[in-house]
Amino acid sequence: MGTLVLLDLMGGVALLLWGLHMVQSGTMRAFGPDLRRLLSKALLNRFAAFGAGAGLTALLQSSTATGLMTASFAAEGVVGLVPALAIMLGANVGTTLIVQVLSFNIAAVAPVLFVVGLVAFRAGAQSRIKDLGRVAIGLGLMLLALHILIDSLAPAEDAPAVRALLRSITGDPVLCIVIAAAVTWAAHSSVATVLLTMSLAYSSFVTPAAAMALVLGANLGSAVNPLFEGGRRADPASYRLPAGNLLNRLAGVVLFTPFLPMIAAKFPEVQPDMAKMTAEFHIAFNLALAIIFMPLLDPLAWLLSKMFTARAQVGDPSAPRYLDDNELETPALALADAARETLRMGDTVEVMLREVMGALMSNNRTTVVEVSRMDNIVDRLDEAIKLYVTKLTRGSLDDREGRRAMEIISFAINLEHVGDIIDKNLCEVAGKKIKRKLQFSTEGATELAAFHKRVLESLKIALAVFMSGDVAQARKLIAEKAELRNAALGAADRHLERLREGRPETLETTSLHLDVLRDLKRIHSHICTVAYPVLEAAGEMPAAEVAESDAITLAAPKSTMS
């Protein structure tokens, strides 16, 4: 009998955690990039940040996810420590809202959520509709799990041994706090721990004081995970936000624990329903923390800055800045990180392309060496981006995410090829020109500079297309490819005309001049590859034209349900 009850309880908890996971993943898939942009903008003051943290976490039902996003902003210098701490205070309130909803007896809604969610997931033409279907199914699973937990505890109500065991474990408030903190840390969810506590309180397996102590422990445990997952060992400053959140929670637990007997004696008089009482104490605790600590954020930020001193940057430009492994569980955020790193890689290629032409024209050997070194940065970033996106694709991605993942890898590969052309070809041409002390003719130098300028402008457009997916700019890029091909032919004809005239500078540099034209044209072809997926998705790219293009394309992984 006891074994069956234990198995039912374990199954109910597992179902609760899986339902919560589906709600979180569905929300992030549907609104992840939008939520990240919203969070980054709502940082004008601590009160706006508090509201943004509460609203975002109410949707995600994960203060850990909000904390990781906020920690990444703080580490990148996008947000100050004070508004970041305010976001976490709001996140702690936001995560209590679903507990409030589930404290009511709405188990009958679960079948409706299952039906609606399944229809949306299977029939939704748009990915966002599918993701919202996932959210509905997750909510239904959570309601079903609570029903299972309450039903599983009912037979044990008449078992004195079970009741005595639970009373002995939960008799000491400090022990309750430690147990709940450990369970929350292991489950990565304070919501699950509080909901389980509500079930125990509803079935009278724990006293009101024990239920409140378990709630305090759940709040403390949820602040532990971000400390390990959100910090980067190489930079002590990255621990400021998660450590500040943990200090807030710890101080709140220390403040509330001595008063638990008094609160437990009065609270049931206001709310006799033990499940609702547990949920209301949960939100009251977090609101009280917000009221207490909101005026104290400035001195707390000062203290954290002293405790975790920022490490001096060693300045390794080849080290990835935005590839955060903690966000691999959230494809929308991980893809945004990979795109930002690819954009940074593109910025390095742009500098290489600009500088190599200056070296060619001025015979500057130092610049040639520096450009060659920059190619090593591009190569390492390319490897890091490919490895990161490959890790991401091992999980389940929908069609849109799979296409974006392959677009990122393809563009990173093409940028790496551009870097190789600059390093292996243009730098070599510059080296020969410097070694032989040659100079292009005035007309030839002007033509090459104009051609190079157009390629450089196209690279800037390509980077914008990569980030925005703008169809008009993609059309412009492809049109420029055709025009540049004609410009290259015209420049070659004019060069041959100067050869026929027997100009000395042209005779000496003819092979170098034509090599530069050829390599710039090849670079432009690689740059234009970013436009093909955009136009193909818009239905404007004939298959034959895609096949004839220089694009390196990769097949997107098939989507699976998770």
Side-chain angles (χ1 to χ4, degrees), residues 315-318 342-383 411-464 466 477 480-481 483-485 487-488 491-492 494-495 505-506 508-530 550 552:
D316 181 5
S318 66
T342 307
L343 186 64
R344 178 173 165 245
M345 179 182 172
D347 291 338
T348 305
V349 170
E350 182 182 344
V351 173
M352 290 176 66
L353 183 58
R354 184 186 301 111
E355 294 297 321
V356 76
M357 183 55 68
L360 268 167
M361 295 302 177
S362 62
N363 284 0
N364 189 325
R365 191 182 299 276
T366 303
T367 303
V368 173
V369 173
E370 188 60 34
V371 169
S372 290
R373 286 176 181 169
M374 292 177 73
D375 185 53
N376 295 329
I377 299 172
V378 172
D379 290 342
R380 290 171 188 167
L381 289 177
D382 173 53
E383 289 299 320
F411 192 48
I413 291 173
N414 280 289
L415 286 174
E416 192 270 336
H417 287 338
V418 171
D420 283 345
I421 294 171
I422 294 171
D423 178 33
K424 305 293 191 303
N425 297 78
L426 291 177
C427 284
E428 183 179 344
V429 170
K432 290 178 181 179
K433 183 170 176 286
I434 294 169
K435 183 177 181 180
R436 300 175 189 174
K437 298 180 180 179
L438 302 176
Q439 292 293 337
F440 293 120
S441 66
T442 303
E443 295 88 342
T446 301
E447 285 180 352
L448 289 178
F451 198 88
H452 170 263
K453 183 180 179 181
R454 292 177 69 172
V455 175
L456 196 59
E457 288 298 321
S458 290
L459 176 57
K460 294 177 182 177
I461 294 173
L463 294 174
F466 172 69
L477 204 56
E480 176 66 7
K481 181 179 180 181
E483 293 177 9
L484 205 70
R485 186 186 301 120
R494 287 189 293 274
H495 176 74
E505 299 94 334
T506 304
E508 291 173 342
T509 61
T510 179
S511 62
L512 301 182
H513 184 103
L514 294 175
D515 284 347
V516 172
L517 273 178
R518 178 203 63 199
D519 293 333
L520 288 175
K521 182 173 173 293
R522 287 175 60 204
I523 287 171
H524 195 265
S525 293
H526 283 292
I527 289 170
C528 290
T529 59
V530 75
D550 300 284
I552 294 177

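- The pair Lys460-Glu457 meets the salt-bridge criterion, since a charged nitrogen lies less than 4.0 angstrom from a carboxylate oxygen.
- When side chains are defined from C-beta on, Glu480 counts as touching His524, because their heavy atoms get closer than 4.5 Å.
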Side chains of residues 343-359: which donor-acceptor partners sit under 3.5 Å, not counting sequence neighbours?
{"from": "Arg344", "atom 1": "NH1", "to": "Ala319", "atom 2": "O", "distance (Å)": "3.1"}
{"from": "Arg344", "atom 1": "NH1", "to": "Glu341", "atom 2": "OE2", "distance (Å)": "2.6"}
{"from": "Arg344", "atom 1": "NH2", "to": "Pro317", "atom 2": "O", "distance (Å)": "2.4"}
{"from": "Thr348", "atom 1": "OG1", "to": "Arg344", "atom 2": "O", "distance (Å)": "3.2"}
{"from": "Glu350", "atom 1": "OE2", "to": "Arg354", "atom 2": "NH2", "distance (Å)": "2.9"}

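- In terms of heavy-atom proximity, Leu514 sits nearest to Ala492 at CD2-CB, 4.4 Å.
- Side-chain polar atoms of Asn363 and Lys433 form a donor-acceptor pair below 3.5 angstrom.
- Between Lys521 and Val455 there is no side-chain heavy-atom pair separated by less than 4.5 Å.
- Atom-to-atom distance recorded for Ile527:CD1 and Leu477:CG is 8.0 Å, nearest 0.5 angstrom.
- In this structure, Met361 and Ala449 approach most closely via the heavy-atom pair CE-N, 4.2 Å.
- Rounded to the nearest 0.5 Å, atoms CG (Asn414) and CZ (Phe466) are 11.0 Å apart.
- Annotation: the span from Leu463 atom CG to Leu459 atom CG amounts to 4.5 Å, rounded to 0.5 Å.
- Side-chain contact between Asp382 and Leu415 is absent, with no heavy atoms from C-beta onward closer than 4.5 Å.
- Taking SG of Cys528 as the start and CG of Leu484 as the end, the distance is 8.0 Å to the nearest 0.5 Å.
- Using a 4.5 Å cut-off on side-chain heavy atoms (C-beta onward), Leu520 and Val516 make contact.
- Side-chain contact between Arg518 and Asp515 is present, with heavy atoms from C-beta onward closer than 4.5 Å.
- If you take CG on Leu517 and CZ on Arg522, they are separated by 13.5 Å, rounding to the nearest 0.5 Å.
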Kindly list each side-chain donor-acceptor pair under 3.5 angstrom involving residues 420-427, sequence neighbours excluded, with atom names and distances?
{"from": "Asp423", "atom 1": "OD1", "to": "Ser372", "atom 2": "OG", "distance (Å)": "2.9"}

